[in-house]
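Reading through the structure tokens given below for one structure.
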Amino acid sequence: VKMAATGATMKAIVYEAYGESSVLKETTVPVPVPGAGEVTIQAKSIGVNPVDWKLRAGYIQAWPQAFPIIPGWDVAGVVTALGEGVTDFVVGDEVYAYTRPLQPFEGGPADAKIG
């Protein structure tokens with residue numbers, strides 16, 4: 001995943017260490033830029049599941065992850081940018097996505113996502 005070189009930023013909930021819910025914080029991160037075959041989604045709704053708190057607590061450290069982590073893999077929103085070769089979507093499409101393969105950085109609780 002490429003990060004925006006334009007200086008554009010977005011809000012995201014992240015954690016930088018395993019722990020209780022107190023490790024979650026709101027921060028500003030670069031807006032992701034879609035690579036080939038990817039789209040950027042402006043998140044309108046996200047889902048956080050039991051696996052998210054188990055990962056945050058450090059119970060599943062065997063899964064490849066790197067801090068900071070944006071938790072949540074389920075997202076619904078609107079396509080805002082297209083990567084090279086994307087033909088199945090257009091900017092403005094309403095979509096939903098499961099983003100687990102894009103971890104560690106691209107979780108659901110953020111203003112924008114790669115999907």
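In this chain, numbering begins with 1 at the start of the sequence shown.
Hydrophobic clustering, with ILVMFWY side chains joined whenever heavy atoms are under 4.5 angstrom apart, keeps Val86 apart from Val78. Linking Ile, Leu, Val, Met, Phe, Trp and Tyr whenever their side-chain heavy atoms come within less than 4.5 Å puts Trp53 and Val23 in one cluster.
The two residues Met10 and Pro30 come nearest to each other via the heavy atoms CE-O, 4.0 Å. Ile70 and Val14 get closest at one heavy-atom pair: CG1-CG1, 3.6 Å. Shortest non-hydrogen contact noted between Ala43 and Val75 is CB-CG2, 3.7 Å. Taking every heavy atom of both residues into account, Ile41 and Ala97 meet most closely at CD1-CB, 4.1 Å.
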With side chain to side chain contact (heavy atoms under 4.5 Å, CB included) as the criterion, how do Asp93 and Val91 come out once you've worked through the C-alpha distance, each side chain's angles and the decisive distance to 0.1 Å? CA-CA 6 Å; Asp93 278 353; Val91 171; over 6 Å; no
Side chain to side chain contact (heavy atoms under 4.5 Å, CB included) for Phe89 and Val95? Distances and angles first, verdict last. CA-CA 9 Å; Phe89 301 100; Val95 296; 3.8 Å; yes
May I have the step-by-step check of ring pair (Phe, Tyr, Trp, His ring centres under 6.0 Å) for Tyr18 and Phe67, ending in yes or no? CA-CA 9 Å; Tyr18 296 115; Phe67 297 111; 5.0 Å; yes
Show the numbers, then the answer: is there a side chain to side chain contact (heavy atoms under 4.5 Å, CB included) between Val51 and Trp73? CA-CA 10 Å; Val51 71; Trp73 301 334; 3.7 Å; yes
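Using a 4.0 Å cut-off between charged side-chain N and carboxylate O, Lys44 and Glu94 make no salt bridge.
When each of Asn49, Val48, Ile46, Leu24 is tested with Pro71 by the rule side-chain contact (heavy atoms from CB on, under 4.5 Å), just one qualifies, namely Leu24.
Val29 is listed as a side-chain neighbour of Thr27, based on a closest heavy-atom distance under 4.5 Å.
Of the inter-residue distances, the one linking Glu16 atom CD with Ile69 atom CD1 reads 10.0 Å to the nearest 0.5 angstrom.
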